[in-house]
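Accompanying notes for the structure given below.
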Amino acid sequence: MAKQLIVCEKPSAAMKVAYALAEGSVKRVGGRLFPAYSLTRGQNAITVVSALGHLYALDQRSVGWSYPVFDIKWVPINDVDRRMARARAWIDSISKHAEGADEFISACDYDTEGSLIAYNVLRYACRGADAKAKRMRFSTLTKQDLVAAYEGMSSELDATVIEAGRARHELDWIFGVNVSRALMDAQTMAGGCYEVLSAGRVQSPTLYAIYRRENGIRLHVPDPYWVIAAEAEIAGERVPAEYAEGRVLSLSEAEGVTRRCNGADGVVSRVSGRRAVIPPPVPFDLGTLQSEAYRHFGFPPSRTQKIAEKLYLDALISYPRTSSQRLPPSLGYARILEGLGRNRNYAEAATELVSSGRPLRPREGKKTDPAHPAVHPTGNLAEGLGRDDFRVYDLIAKRFMAAFAEAAVKEVTDVEMSCGGDRFLARGEAVLIEGWSRFYAPYSFLREARLPKVSEGDPARMASVSHDAKYTEPPPRFNQSSIIKFMERSGLGTKSTRAEIVDTLYRRGYISGGMIEVTELGAGVITTLKRHFPRLVSIELTRRVEAEMEEIEGGKARREEVMVSTIDEVRETFERMISKEGGMGDGLAELVKAKREGDRTVGPCPSCKTGRLKVIRSKKSGKRFIGCSGYSSGCRFTAPLPQKGRVSVSKRRCKECGYPIVEVRGLGRYVWRLCINVECPTKRGAGRGGGG
DNA sequence: GCAAGGTC
C-alpha cells in the first residue's frame, strides 16, 4: 500500500481533488488553518495538501542594496513578502505531511506557474521529492477529469515547463529590480530626496502606451468636417434622418446639400427590413466583469477585483481570476438557478428559466481557462451585502441568468429617401422579443426608434436640413478599463495582475486621473528608460521572453544559457548607467521634487486667498499640520491633522463648506476623508471617536 | 524599498 502525497495549488482545488479521488470517506487532517485531506483509493493511502499560490519567491543572494544584482535564489515567500507571513507555518505543515509519504504527485493548475509552484514545494518543502514526483494533468476540476488525470498521470514532472517558468521569474526579477534600483540610485545621487521609482517588463510598456497616447493627443491637429442632419416628413410624421454619404469634407459641399434639400420634396427610394438576432452576452471572464462594472458603476478594475475576491471567499461566486467565458454542465445549472430563486431579487427570473420547458443551455464565449469556468454565482444565499458588493454580485447573478435566456430579436427598417441627387437615411428599430435583456436589466439596453410604415415611391419631404461644423477628435485617453483591455490585447500581464499593475503606476505617481494622463514624473521615467534601457519600454521584451520560454519548453534552449546570455547583454548597460548616473538622474530629481511638492499641496488658502495650503511638519514638535505658504507674508491659517496614519491630498472638496478634503489611510479598514475646516458643519454633533 | 506571478 503506497502512501501518496498530492500537492495542489490552492485550498479549493485540494478539496475538489480529495473528494474526486476518494473511494470511501474523506478526512480533514490539516488542522484549522491548513487544508489537508486523507483518503484511500485502490491500494493507495492518499494525502492531499495545498500550496497557497507561490510559496517560494526569488531573492538576492547577497545582502544590501547595490546593483546590478544577478545572483538570485528561491526563498520561502514570507522572507520577502510580509503579507505572506502565513507561508512559513504553511510550508512546515506541508513538510510534516511529506515525511510519511513515499510517492509524490503534482496536481497544481496545468500551466507554467502551476508546474513551478508544485516543483518548488516538492523540492524545498518535501526534501527533494521533485526528482521522483509525478504529474497529474487536467483541464477542469471535475471529478471525471481529476480521476482520469490520476489514472493517467505522467511518471515525472514537466521539467522543461518548470524551467521555462523559472526563466520567466528570473528574467523579470533581473530586469525589474535592477532597473528600478538604477532609477532610484540615479535620482538620489542627483540630489533628489528618496522616492520609490520602478520599472518592469509589464508596467513600463503599459506606461509607455499611455505616454504615446498623450503625445498623440498633444500633436493632434483637428480637421474640420461637416455633418448634415435632417428631419424628414414621411406618412405625416417627422423622423430624424442622416445624409447617406456620411460626413462631408468641405463647407461648400455641405452648404450645397442644405441649399438644395432644405424644405424640398423628395421620395422614398428604398425600404428594406430585416430581423436582427441579438444573442445573450457571454458569461464573465474577469476582464469582461471589470469592464462591465466600470461601465455601469465607474468602479476601477482593481476595486471590482477586490470585491469579486471577497464574494468568492464568502462562497457567493465562483473563482474570479479566470479567463474563461464557459459554463460547463458539471456546474449544475439547475441547482444554481434554484439557489438564486431563494433570493427574492432573482426568484421570478430564476423560476422562469428553470420552468420554461427549454433545456438549460448557456450562451458561451470563445475564451477558455485551463483551471476555472466563467465567473458565476454559486447559488448560496447572498444576504446583507454592502452597496458596492451587492452591485457586483447583482451584475454577476443577472449575467449568469441572461446566458440561459433566449436571444433578443429586433426588427430593423432602413428607409432611403432621395431628394434630387441627394440621398438620406432613416432607421427604425423595434424590439420583437426581449429575450435575455429582461434578465440582465438594468444593465442591458436595446435601442428603439419608431418609424411610420412607408413604401417605395411614397413622398418624403425634407422638412429641415442643416449642416454643423465638427472637428476630428484626438485619440481618446485611456481609462482604467481600456488600459486593461490594451494590456490584454498586447499580452501584457495576466488576468490576476493587470489591475494591480495599473494601481502601481498610480501609486508611483506616474499616471493620474480617471481619464488617464501621464504625469511629468511618468514622462520623465519613460524618457530616461528610452535613453538608457529602450528595451524595457517596448512590448517586444514580453514577446522575447515568451519566445525564450517556448524554446526552453520545447527543449531547444536551456534556462541557464538564456540567463547567462541575457545577463551578459545587460551587464554592460548597467555599467554604462552607473558611470553616467549623475547625468541620468538630473532630470528625474527635479521631477521627483515637483511631485513631492504637489503631493503635499492641499489647495488654495481659504483665508488669504493668495497662498497655498500645504502639509507641514513642525521642526519643533515633529507634529504635522496644514499651514499656508503665505505665512511669511502674514497669513496665519492653520488646520490640525491626525498624527497617525498616512495623509494624502485629494481633489475632493467638502460638500458642506467647500474646504479641501484630505484622506487618511492606515487607521482601520476604511479611508477617512477629513474636511480640513475645524468649523465645518459636518463636525457638529457626533465627533469622530478615536479609533477609525 | 525594487518585478511579476500565484494565492487567501
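Below, read A as the first sequence line, B as the second, and so on, with proteins coming before strands; counting in each chain starts at 1. All values derive from a computational prediction rather than experimental measurement.
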| message | Test: salt bridge (charged side-chain N to carboxylate O under 4.0 Å, His left out). Region: residues 115-128 of chain A. Which pairs qualify, not counting sequence neighbours? | response | none

Would you tabulate the side-chain donor-acceptor contacts of residues 488-495 of chain A under 3.5 Å, counting partners in other chains and residues two or more places apart, or write 'none'?
from      : atom 1 : to        : atom 2 : distance (Å)
Glu488(A) : OE2    : Lys367(A) : NZ     : 2.4
Ser490(A) : OG     : Phe486(A) : O      : 2.8
Thr494(A) : OG1    : Ser496(A) : N      : 3.2
Thr494(A) : OG1    : Thr497(A) : N      : 3.4
Thr494(A) : OG1    : Thr497(A) : OG1    : 3.3
Lys495(A) : NZ     : Asp369(A) : OD2    : 3.2

| request: Return the set of residues passing ring pair (Phe, Tyr, Trp, His ring centres under 6.0 Å) with Tyr506(A) (not counting sequence neighbours), or none when no residue passes. | output: none

| field | Under 4.0 Å protein heavy-atom contact, by nucleotide of nucleotides 3-8 of chain B - B base, S sugar-phosphate only | value | BSBBBB

| remark: Applying ring pair (Phe, Tyr, Trp, His ring centres under 6.0 Å) to Phe70(A) and not counting sequence neighbours gives none

| Among residues 561-569 of chain A, which contact DNA chain B at a heavy-atom distance under 4.0 Å? | none

| Which residues share a ring pair (Phe, Tyr, Trp, His ring centres under 6.0 Å) with His169(A), sequence neighbours left out | His54(A), Trp74(A)

| task | Kindly state each residue pair satisfying salt bridge (charged side-chain N to carboxylate O under 4.0 Å, His left out) with at least one member in residues 63-75 of chain A, sequence neighbours excluded. | result | Arg61(A)-Asp71(A)

| field | Residues forming a ring pair (Phe, Tyr, Trp, His ring centres under 6.0 Å) with Phe34(A), sequence neighbours excluded | value | Trp90(A), His97(A)

